[in-house]
Amino acid sequence: MDIKESLKLNIKNALKALGVDLDVNEIVIEDSKDPAHGDYATNIALKSARNFGKSPRDVASLIIENLDKASIDHIEVAGPGFINFFMKQDSLTNVVSKIIDEKENYGRGEKKNFKVNVEFVSANPTGDLHVGHARGAAIGDSISRILEFDGYDVTREYYINDAGNQINNLAKSIEARYKEILGVPCEFPEDGYHGEDVKAVARKIYEEVGDKALTYENPLEFFKERGMEIELDKIREDLANYRIKFDIYSSERKIRSNNAVEKEIAYLDKHIYKDEGALVLKTTDYLDDKDRVIVKGNGDYTYFLPDIVYHVNKLSRGYDLLIDVLGADHHGYINRMKSALMMHGYSKDVLEIELIQMVRMMKDGAEFKLSKRTGNGYTLRELCEDVGVDAARFFFVTRAASGHLDFDLDLAVKQSSDNPVYYAQYAHARLASVLESASDITIDKLGNELSKKSELDLIKTLAKFPDVVKVASKERAPYKIANYIHEVAEQVHSFYTECRVIDRSNLSVTSSRLGLCLASKIVLSNALKLLGVSAPDHM
RNA sequence: GCGCUAGUAGCUCAGUUGGAUAGAGUACAACACUACGAAUGUUGGGGUCAGGGGUUCGAAUCCUCUCUAGCGCGCCA
């Protein structure tokens, strides 16, 4: 158990002895910002003063009398009633051996036996992934990694809209480009895809089958199937390069098969009414502020209906929670879908939607929109080529998903201190380098000789990691990991400057500091892994 | 017009769910290596927390109104 958790339990027991029963989660232990306030602090006396009918300071004194002080050096009451804890040194340094023993499992949460399905990217296979997808991809994958590490069973899922109009437009666009190659006159479809990538697909098909495609029984069908395969292969490849692997690719067509949509209409019957020939779902009975058309007057389905089928399908596969990572322009969609799921008897909480705000790519102080290659949007592939996967993934998750993000391309390519990725990776490489040059010295895991301020500060930060993981997991907030990484890196550099690690005339201090180096390296590596960013030993 | 999200240092953003003197990075200024990676560290200035009102021991945080920005409000997806 980490230090904060045991303090919380300690306080809980003290309160219980005083006749007040509180949940552990209601007790907040803060890291003191000011060393004069000790190592940790709590405001519990202020919060529970009402229960006692006494002044907060008096309550604080009462609590202190009932605490188990085994790991505590001394305790102070301060200000309006804060309790400040000054820990015994060994209760801090114990963390070092814990980290070294647990290695890549340090910070891992307990098994929850709780199945989560995280759906993200889900871009239509009609072209290359662009930077808009890149942020959602980085955040979706990091959330998945964090949840997994925290003990959830996570499935990453990609939904392929292969039944809609866009796919037909893709087929027509490819056909037009293909005819272009053959010199057959044709008109480019009105809603077609004009990008260079579609031309490339047509060229690829031409290389594969020559001029025979037009003689096929159903050329358009062929262009559709083959085109989609090619597009999907590209997407998979881009994602793999971006260190993302989906467990499941779900096809809309497959989900629609066996009359699933018609069955869904029958199932929802009592929530459906007719309006001017259209079928409308009465979502206002639940959370929505407006009823939604699910079948148009001409008999076509709106996108919403198969989407309901898809979400019900996911839930029927046994997930306890669905998380959709979507662009912020989908926020109107949330209550709509939750309402539909509630019609199936699910709680509104089985679906959680993480909205990702827009990204602006910035270069030379101005917005950078266009791909130099295709003339369309700046693609994920180009981004990775330009700034590297590490920088791309790290930059996308450094800010809360709900906020707009300005991605500074100039900064991301800089291999210098002001680039936060290099700052963190450099810290890791430095530690690796020190450990390497002292590989003949035995490492002391117990941290016996650690007493300098920068050493103890670093230890306290390392001790927080399991807690940071829990919070990041609970809030689906990868940026908290990113902030934490920066904090660790900062203290590693600070420690490194204040304390010379290798001193062959003083092996006992050296081996303790090597232990701290190793522990720090492990934590940095574990944290970076949660963001899909590499932790190199050499740079 | 209604709804969602946001407004914190010159810029990009945190702020542990209502707590102690509002913090980082960046930019700016000054200092520090004959040493384990200076891709670093230390120090400094910089704030009407968009604005008004309210709730209480205590508000950047909760309530309310106003202003500003982005996005939604389709028988589009």
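Each chain gets a letter, A, B and so on, in the order its sequence line appears, and its residues count up from 1.
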Mind checking whether A/Val28 and A/Lys8 have side chains closer than 4.5 Å, heavy atoms only? no

Side chain of A/Lys290, heavy atoms from C-beta onward: which of B/C73, B/G37, B/U42 has the nearest atom to it? B/C73

Which of the following nucleotides, B/A39, B/G37, B/A77, is nearest to the side chain of A/Arg430? B/G37

By centroid distance (under 5.5 Å) and plane angle (under 30°), are A/His330 and B/G72 in a stacked arrangement? no

Output the single nucleotide from B/G25, B/A77, B/C13 whose closest atom is nearest the side chain of A/Gln166. B/A77

Between B/A39, B/C36, B/U42, spot the one nearest the side chain of A/Val434, thanks. B/C36

Using Watson-Crick or G-U wobble geometry with both distances under 3.5 Å, which nucleotide pairs with B/A35? none

Min side-chain heavy-atom separation A/Arg504-A/Asp440 under 4.5 Å: yes

Nearest-angstrom distance, P atom, B/C33 to B/C11: 36 Å

Does the plane of the ring in A/Phe149 sit parallel, tilted or perpendicular to the ring in A/Phe465? Use 30° and 60° as the thresholds. tilted

A/His331 side chain: which of B/G72, B/C75, B/G37 is closest? B/G72

With the side chain defined as heavy atoms from C-beta on, A/Glu475 is closest, among B/U17, B/A39, B/G41, to B/U17

Is B/U34 in the syn or the anti form, by the rule that syn lies within 90° of 0? anti

What's the closest nucleotide to the side chain of A/Met539 if the choices are B/G19, B/A77, B/G37? B/G37

Which is true for A/Ser437 with a 4.0 Å heavy-atom rule: it touches a base, it touches only sugar-phosphate, or it touches nothing? sugar-phosphate

So, do A/Ile356 and A/Leu326 sit near enough that their side-chain heavy atoms are less than 4.5 Å apart? no

Quick check: on RNA chain B, is the nucleotide nearest A/Leu405 upstream (toward 5') of the one nearest A/Ser433, or the reverse? Name the residue that is more 5'. A/Leu405

By nearest atom, which of the nucleotides B/U40, B/A14, B/A20 is closest to the A/Tyr479 side chain? B/A14

Can you find a pair of side-chain heavy atoms, one from A/Val280 and one from A/Tyr273, that are under 4.5 Å apart? yes

Closest of B/G37, B/A77, B/U17 to the A/Val28 side chain is B/U17

If you look at every strand shown and take non-hydrogen atoms under 4.0 Å, does A/Arg336 touch a base, only sugar-phosphate, or nothing? base

Students often get this wrong, so: under 4.0 angstrom with heavy atoms, is A/Glu498 touching a base, only sugar-phosphate, or nothing? nothing

Choosing from B/G3, B/G25, B/C75, which nucleotide comes nearest the side chain of A/His486? B/G25

